[in-house]
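Take a look at the structure below.
Here the structure is a predicted model, which means the values were calculated and not measured. Here is how names work: the chains are called A, B, and so on, in the same order as the sequence lines, proteins then strands, and each is numbered from 1.
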There are 2 protein chains.
Amino acid sequence: MKQAHHPELDEISLTAVMGALSDPIRVGLVRLLADGRERGWGELRAPVAKSTLSHHLRVLRDAGITRTRQEGTRCFVVLRRDDLETRFPGLLAPVLAAADCDGVGRQVELAASA
Amino acid sequence: MKQAHHPELDEISLTAVMGALSDPIRVGLVRLLADGRERGWGELRAPVAKSTLSHHLRVLRDAGITRTRQEGTRCFVVLRRDDLETRFPGLLAPVLAAADCDGVGRQVELAASA
DNA sequence: TAGCTTGTTCGGTGTTCATCGAACATCGAA
DNA sequence: TTCGATGTTCGATGAACACCGAACAAGCTA
């Protein structure tokens, strides 16, 4: 469990972000994180194997969309909302609005407890 | 050369649009079309084989981003700006702005003449 | 120390994608 | 009708991706 690389602001690429958001599960994850709260991975319920979920979270992290923090054996993830807003002003909101309206990523849910 | 299918407004999917915009060449094409003018395919200069260009234009069309019209042996393409704005309000502008700022898709150019 | 929890990594598989050249279809012009 | 211009379609190929189960690593906890 090594600390993963997070791209700097100017390393965040538009096509990488778009690519990361082209998968319903990843969109669902972003939606869950949209309130700005940090979430433990245990809170994330998605209909995939844990290795696959790990993969998706890695794609989001590598694209610069989320930031991952480790605490003991647990990992926490948070949306890099300010960074994204700085890098691509006005991009995130319409995507979230559209996803919300369409129900894209509704298969990803929040577990009962924290 | 049969007339291709164009998705209806409510058939346009967010993830398909995001996926279509995750390739620099396609972003470049969208940038060229951003002025709303219809372009003949002969005007589009991209550093790929024509079959590949045909593929990219097909992806954009299937995603509902562009509309293709045929006239004789020539094809014309136009951005479905209003449709996109209706379906995903506010989505296109930030993407174009970010692409413009970053130079994503600058490899796609307009040929000299029409 | 032994076990439990948590997440990563490793093959493996099947799918999709970007790309090319070549062959084909279609239309307009000579 | 023959030729040229314009796109589409057809394999083919190598890369990337989504997905899984299993094995591994690392930190708690009993």
Could you list all N or O pairs between the protein and nucleotides 28-30 of chain C that sit under 3.5 Å apart?
none

Is any side-chain heavy atom of Thr68(A) closer than 4.5 Å to one of Phe76(A)? no
Trp41(A) CH2 to dG27(D) P: how many Å, rounded? 16 Å
Taking side-chain contact (heavy atoms from CB on, under 4.5 Å) as the definition, give me every residue that meets it alongside Glu109(B), ordered by chain and number, with sequence neighbours left out. Arg45(B)
Sequence-distant partners of His56(A), side-chain contact (heavy atoms from CB on, under 4.5 Å), two or more places apart: Asp23(A), Ile25(A), Arg26(A), Leu29(A), Thr52(A)
Under the side chain to side chain contact (heavy atoms under 4.5 Å, CB included) rule, what do Arg67(A) and Leu79(A) come out as? Steps first, then yes or no, please. CA-CA 6 Å; Arg67(A) 191 179 297 280; Leu79(A) 191 62; over 6 Å; no
Glu71(A) CD - dG7(C) C1' separation (whole Å): 15 Å
Polar atom pairs between nucleotides 20-24 of chain C and protein, under 3.5 Å, N or O only, would you list them?
| unit_1 | atom_1 | unit_2 | atom_2 | d |
| --- | --- | --- | --- | --- |
| dC20(C) | OP2 | Ala49(B) | N | 2.7 |
| dC20(C) | OP2 | Thr52(B) | OG1 | 2.8 |
| dG21(C) | O6 | Ser51(B) | OG | 3.0 |

Run the salt bridge (Lys or Arg N to Asp or Glu O under 4.0 Å) test against Asp82(A) and tell me which residues pass, sequence neighbours left out. none
Which pairs of donor and acceptor atoms, one on a side chain in residues 98-106 of chain B, lie under 3.5 Å apart (sequence neighbours left out)?
| unit_1 | atom_1 | unit_2 | atom_2 | d |
| --- | --- | --- | --- | --- |
| Asp100(B) | OD1 | Arg31(B) | NE | 3.1 |
| Asp100(B) | OD1 | Arg31(B) | NH2 | 3.4 |
| Asp102(B) | OD1 | Arg87(A) | NH1 | 3.2 |
| Asp102(B) | OD2 | Arg87(A) | NH2 | 2.6 |
| Arg106(B) | NH1 | Gly103(B) | O | 2.4 |

The side-chain contact (heavy atoms from CB on, under 4.5 Å) partners of Asp10(A) (sequence neighbours excluded) come to Glu8(A)
Using side-chain heavy atoms (C-beta onward) and a distance below 4.5 Å, is Arg69(A) in contact with Glu71(A)? yes
For DNA chain C, find the residues of residues 16-33 of chain B with a heavy-atom distance under 4.0 Å and give them by number; none if there aren't any. Asp23(B), Arg26(B)
Does the side chain of Arg37(A) come within less than 4.5 Å of Val78(A)'s, by heavy atoms? no
Apply side-chain contact (heavy atoms from CB on, under 4.5 Å) to Ala34(B) and list each qualifying residue two or more places apart in sequence or on a separate chain. Arg81(B), Leu96(B)
Please output the side-chain donor-acceptor pairs of residues 59-66 of chain B that fall under 3.5 Å, not counting sequence neighbours, one pair per line with the distance.
| unit_1 | atom_1 | unit_2 | atom_2 | d |
| --- | --- | --- | --- | --- |
| Asp62(B) | OD2 | Arg58(B) | NH1 | 2.8 |
| Thr66(B) | OG1 | Arg61(B) | N | 3.4 |

Could you identify the nucleotide paired to dG28(C), looking across every strand shown and requiring Watson-Crick or G-U wobble geometry with both distances under 3.5 Å? dC3(D)
Counting only heavy atoms and a strict 4.0 angstrom limit, can you tell me which residues of residues 55-63 of chain B come near DNA chain C? His55(B), His56(B)
Look at the side chain of Glu85(A) and the backbone N and O of Gly90(A), then say whether any donor-acceptor pair between them is shorter than 3.5 Å. yes
May I have all residue pairs that pass salt bridge (charged side-chain N to carboxylate O under 4.0 Å, His left out) and include part of residues 46-56 of chain A, sequence neighbours excluded? none
